[in-house]
Amino acid sequence: MKRRDFIGQTGLAMFGVTGLVLPSDAKPTPRSWDADDAEDLFKAKQAIDSSEIIDDLKPTVARELGPFYRSGSPYRVKLTPPFEPGTVLVVTGRVWSFETKKPLANAMLDLWQVDNQTADYSAGNGDFKNRARLITDENGAFEFETVHPIPYEPSPNFWRSPHIHFIANAPKHRQLVSEMFFKDDEKQDVDRLFHPALVVPVNRKTINGKEYETAVFDIVLESEK
Ligand SMILES: [Fe+2]
C-alpha cells in the first residue's frame, strides 16, 4: 500500500491528526544563539545555501590527537552536564570541502575538552563527561554548547591554553585532528601546541539576564588523495 493510500484509507484527518503535519511554509527551528531575535535568524537561515562557494578557504591546520581521545562519545550538542561551572560557550560553524569550496553535509565532529572542575579528562567507556559527537546539517552547519575551557598543566612547566579537541570526518575527505582556541585566552604564549590559525574571537551576549559566549569556528577538510 502506498503511503498516500494508507493516509486516505485511515482517514487521519477525522481524528484531528493533521495538526501534527508540518505546514509547507513552516519556519525553521531557531538556533539558541539567536532565539531572542528570531526574525533576523530566519533571514540568516534562509541566506545559507548549500550551493554557496567560498573561494579563499584554507585547509584547517591539524594538531596532535593527544592521549585523551576516547571513541564512542554520545551524539549530543552539549558537551557538559547541566549547570557545569564556567561561562556557557555556544560554538557554531560549518564544515567545508577545500576542493569544492562547498559546505559538507553529514560531516561528523568528535569533540572533547578538559573538566573545568578537575582539570582532567573524563575516562570514556561510560563516563563521557565533556565529550560529544555531532553531525552537520544539510548546509554543513553545526552548533554545540559547552563551557569555556580552562587552561591546565599536564606536566610541570607545560601549560595548555584553553582549547577544545576535535576530529572531523566526512565522506571522501581526509580525517582532520585539531583543536579550537579562543582569542585572548591565557597561556597561549607558553602553549607549544597552540596555533594562531586555530583561534577564533569570542562574543559576549546576555540572555535571560545571564551572560554567555558565542564563537564561530569553521572547519575546512581536504579531499582524500
Ligand atoms: Fe587537551
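One-based numbering, in listed order, for ligands and for the atoms of each.
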List the residues meeting ring pair (Phe, Tyr, Trp, His ring centres under 6.0 Å) with Phe144, not counting sequence neighbours, and say none if there are none.
none

Whether the side chain of Thr60 engages the backbone of Val220 through a donor-acceptor N/O pair (distance < 3.5 Å, no angle test) should be reported.
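The answer is yes, because a donor-acceptor pair under 3.5 Å joins these two groups.
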
Parallel, tilted or perpendicular: ring planes of His163 versus Tyr152, cut at 30 and 60 degrees
tilted

Between Glu99 and Lys172, does any NZ, NE, NH1 or NH2 come within less than 4.0 Å of an OD or OE carboxylate oxygen?
no

Listing by chain and number, what protein N/O/S atoms are under 2.8 Å from the Fe ion (ligand 1)?
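Near the Fe ion (ligand 1), below 2.8 Å, one finds Tyr121 OH, Tyr152 OH, His163 NE2, His165 NE2.
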
Taking the six-membered ring of Phe98, is the NZ or CZ of Lys101 close enough (under 6.0 Å from the centre) and on axis enough (within 45°)?
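Geometry flag: set, cation within 6.0 Å and 45°.
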
So Arg70 and Trp112, do their side chains get closer than 4.5 Å, heavy atoms only?
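A side-chain contact is absent here, since even the closest heavy-atom pair is not under 4.5 Å.
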
